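The next block holds one structure in the form of structure tokens; read it before the comments.
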Amino acid sequence: MDRRGKRMSAVMGGVLGAALLALMPSVPAGAQAPAPAPAVPTVAPQEFEKAKQIYFDRCAGCHGTLRKGATGPSLLPDKTRKMGTETLKAFITYGTPGGMPNWGQQGILTEAESDLMARYIQIDAPQPPEMSLGDMKKSWKLIVPPAQRPKKPEHNLDWQNFFSVTLRDAGQVAIIDSKSKEIVSVVDTGFAVHISRMSGSGRYVYTIGRDGKATVIDLWLKKPDKVAEIKACADARSIDTSKYKGPKGNFMDKYAIVGCYWPPNFSILDGETLEPLKIVSTRGYTVDTHEYHPEPRVASIVASHRDPSWIVNVKETGQIWIVDYADLINLKITQIEGVPFLHDGGWDATKRYFMVAANMRDKMVVVDSQTKQLAAVINVGAKPHPGRGGNWLDPKYGPVNGTVHLGEGKLSVWGTDPQKHPQYAWKVVRDVTLLGGGSLFMKTHPKSDWIWVDHALNPDPKVQRSICVINKKTGDKTAKCWEAADHGRAVHFEYNKEGTEVWVSIWDRKDKQSEIVVYDDKTLKEVARLKDPRLVTPTGKFNVYNTMKDIY
Ligand code: DHE
């Protein structure tokens with residue numbers, strides 16, 4: 001601004017200031033003047049893009065794109081400005097026992113980056129753009145059209161026993177052969193693939209990147225590789241396929257569904273080509289206070305084996321939608337009132353009941369996919385996080401399922417058989433003590449005697465890498481635990497097709513060698529330790545057969 005400009009502005013400021021002062025009510029004698037509004041810190045334009053990216057990569061998943069809160073608390077500026085830069089920086093650096101990661105201590109954010117993020121969350125959140133079917137189509141790549149794909153497997157490997165392993169920070173998945181434990185193929189996917197799900201036939205693996213890129217991998221190719229990809233949204237966590245085959249039609253491999261965090265919607269795609277067919281918004285009203293929510297994100301999705309339908313969990317509104325995909329033009333959606341902040345879940349052994357964690361409300365919500373109704377709400381421990389859970393027969397209580405918790409060290413177990421064991425159905429019948437909170441996943445197999453649990457987000461490094469097993473037959477109150485490695489975090493379990501071996505990831509930093517440890521499920525002895533340099537930050541592992549059939 002030149003000198004004249006500055007003088008003008010000072011004059012205008014003076015005039016406007018005097019006019020505003022005249023309009024303001026004067027403070028009555030004896031009353032206290034209101035506290036001045038907290039100052040808004042500055043974020044320079046060149047810092048803004050960096051902060052936006054860090055927020056997307058590290059914060060949006062728990063606090064929401066618009067920062068209204070979900071698994072983590074709301075970070076709206078009226079709250080964060082009161083906390084101030086130094087307090088926010090301490091949270092970002094050291095985390096909290098409630099599950100906020102210690103980004104600074106872990107070396108993931110530098111001190112300058114923590115300071116930048118502490119300032120960034122005090123300014124208004126930018127709203128990312130919406131996406132149309134046309135926008136999605138621009139990124140759609142049909143790499144191998146269905147007609148050019150093999151009619152039978154081009155290799156002799158047991159492809160139903162492959163594992164699809166997320167290589168989180170490499171933006172890849174590794175396809176690993178269960179028998180030889182060799183990497184058969186490494187496929188470029190979206191960034192930080194969250195989950196892999198299999199088509200009804202098992203031939204195709206579908207992955208979803210955190211960046212919303214969906215990829216379909218054909219396991220029958222000589223070297224399994226992607227045959228189509230599309231960026232379905234800007235931020236996503238879930239994908240599944242149509243698995244129903246029966247009197248209502250054959251929908252095996254026909255559709256895929258992607259659940260998005262941003263824009264808040266789900267989209268239905270052609271199963272073989274990923275051509276986008278339909279987008280359905282999830283914006284709406286919360287089940288409890290009936291307030292409009294601008295960003296109800298899609299959390300877990302599961303495909304029914306009994307009906308042509310998907311169960312779609314809408315996180316912030318707490319609604320569980322049963323989407324009947326038999327007729328996409330006249331789409332039928334049953335909206336069930338659950339509990340807000342829905343997250344992850346899975347089927348009971350009969351695949352009739354679906355159980356999902358409302359983790360910020362310490363509850364599991366059960367829907368009956370047959371009657372399409374809410375079946376129960378179960379009070380469990382602090383911040384349940386079951387993954388897809390696990391089903392087994394308890395010697396006393398019959399068929400049961402359970403969850404581990406982010407907020408406390410215990411496995412909670414409840415009955416799942418309202419027909420033959422109604423007195424235990426949807427009631428917690430056992431609690432087993434674990435090493436501490438921060439558990440993310442549990443897993444079992446119908447042939448196993450054990451339930452395996454991790455503590456991947458516990459703040460203590462020794463506990464982070466420790467895993468425990470609980471004996472199903474004795475219904476122990478305590479677990480048998482050990483450190484699975486001397487570094488990294490032990491996270492997520494998966495069985496081989498036979499149910500004889502359990503794989504666990506040792507998830508270390510991108511610049512360190514991570515591992516996958518394989519245990520014999522009978523003896524609990526280690527049988528292999530996979531240390532291939534291509535195993536960069538392995539997290540989720542999905543056996544083709546078990547994922548296709550929902551065996552857990
Ligand atoms: Fe996950 C499942 C969301 C952090 C690894 N995670 C899920 C599902 C959701 C979800 C909605 C269920 C998908 C389904 O079944 O359709 N996860 C989120 C988040 O919002 C959160 C809290 C923060 C974020 O920004 O993403 C989050 N998740 C993580 C991690 O930090 C993990 C450990 C490593 C990573 O990749 O980021 C992680 N999440 C997983 C895995 C599953 C998963 C391995 C699948 C479990 C299964 O067996 O099905």
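Both backbone and side-chain heavy atoms feed into the values below; hydrogens, waters and symmetry mates do not. As the structure lists them, so they are numbered: ligands from 1, and atoms in each ligand from 1. Since we're looking at a predicted model, the values are computed, not measured.
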key: D307 side chain vs S309 backbone, donor-acceptor pair below 3.5 Å   =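 Checking the backbone N and O of S309 against the side chain of D307, no donor-acceptor pair under 3.5 Å is found.
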
Next item on the list: Output yes when a side-chain donor or acceptor of N161 lies under 3.5 Å from a complementary backbone atom of K497, and no otherwise.
Entry: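 Checking the backbone N and O of K497 against the side chain of N161, a donor-acceptor pair under 3.5 Å is found.
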
List ligand 1's nitrogen or oxygen atoms that come under 3.5 Å of a protein nitrogen or oxygen, with the partner atom and distance.
from     : atom 1 : to   : atom 2 : distance (Å)
ligand 1 : 6 (N)  : H194 : NE2    : 2.9
ligand 1 : 15 (O) : R197 : NH2    : 2.9
ligand 1 : 16 (O) : I301 : N      : 3.1
ligand 1 : 17 (N) : H194 : NE2    : 2.9
ligand 1 : 20 (O) : G61  : O      : 3.4
ligand 1 : 20 (O) : Y261 : OH     : 2.6
ligand 1 : 25 (O) : R210 : NH1    : 2.6
ligand 1 : 25 (O) : R237 : NH2    : 3.1
ligand 1 : 26 (O) : R210 : NH1    : 3.1
ligand 1 : 26 (O) : R210 : NH2    : 3.0
ligand 1 : 26 (O) : R237 : NE     : 2.7
ligand 1 : 26 (O) : R237 : NH2    : 3.2
ligand 1 : 28 (N) : H194 : NE2    : 2.9
ligand 1 : 36 (O) : R168 : NE     : 3.4
ligand 1 : 37 (O) : R168 : NE     : 2.9
ligand 1 : 37 (O) : R210 : NH2    : 2.9
ligand 1 : 39 (N) : H194 : NE2    : 2.9
ligand 1 : 48 (O) : R388 : NE     : 3.3
ligand 1 : 48 (O) : R388 : NH2    : 3.1
ligand 1 : 48 (O) : H492 : NE2    : 2.7
ligand 1 : 49 (O) : R197 : NH1    : 3.4
ligand 1 : 49 (O) : R197 : NH2    : 3.1
ligand 1 : 49 (O) : R388 : NE     : 2.7

Who pairs with A349 by side chain to side chain contact (heavy atoms under 4.5 Å, CB included), at least two apart in sequence or on another chain?
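Partners of A349 under the side chain to side chain contact (heavy atoms under 4.5 Å, CB included) test: N391.
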
Listing, residues 258-268 side-chain donor-acceptor contacts under 3.5 Å, not counting sequence neighbours, or none:
from : atom 1 : to   : atom 2 : distance (Å)
W262 : NE1    : P128 : O      : 3.3
W262 : NE1    : P129 : O      : 3.1

Practice task
May I ask you to check whether over 12 heavy atoms, not counting those of Y285, lie within 6.0 Å of atom OH?
Solution key: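 Atom OH in Y285 is not crowded, with 12 or fewer foreign heavy atoms closer than 6.0 Å.
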
Can I get a per-line list of side-chain donor-acceptor pairs under 3.5 Å for residues 54-62, giving both atom names and the distance, sequence neighbours left out?
from : atom 1 : to  : atom 2 : distance (Å)
Y55  : OH     : G64 : O      : 2.6
D57  : OD1    : Q53 : NE2    : 3.2

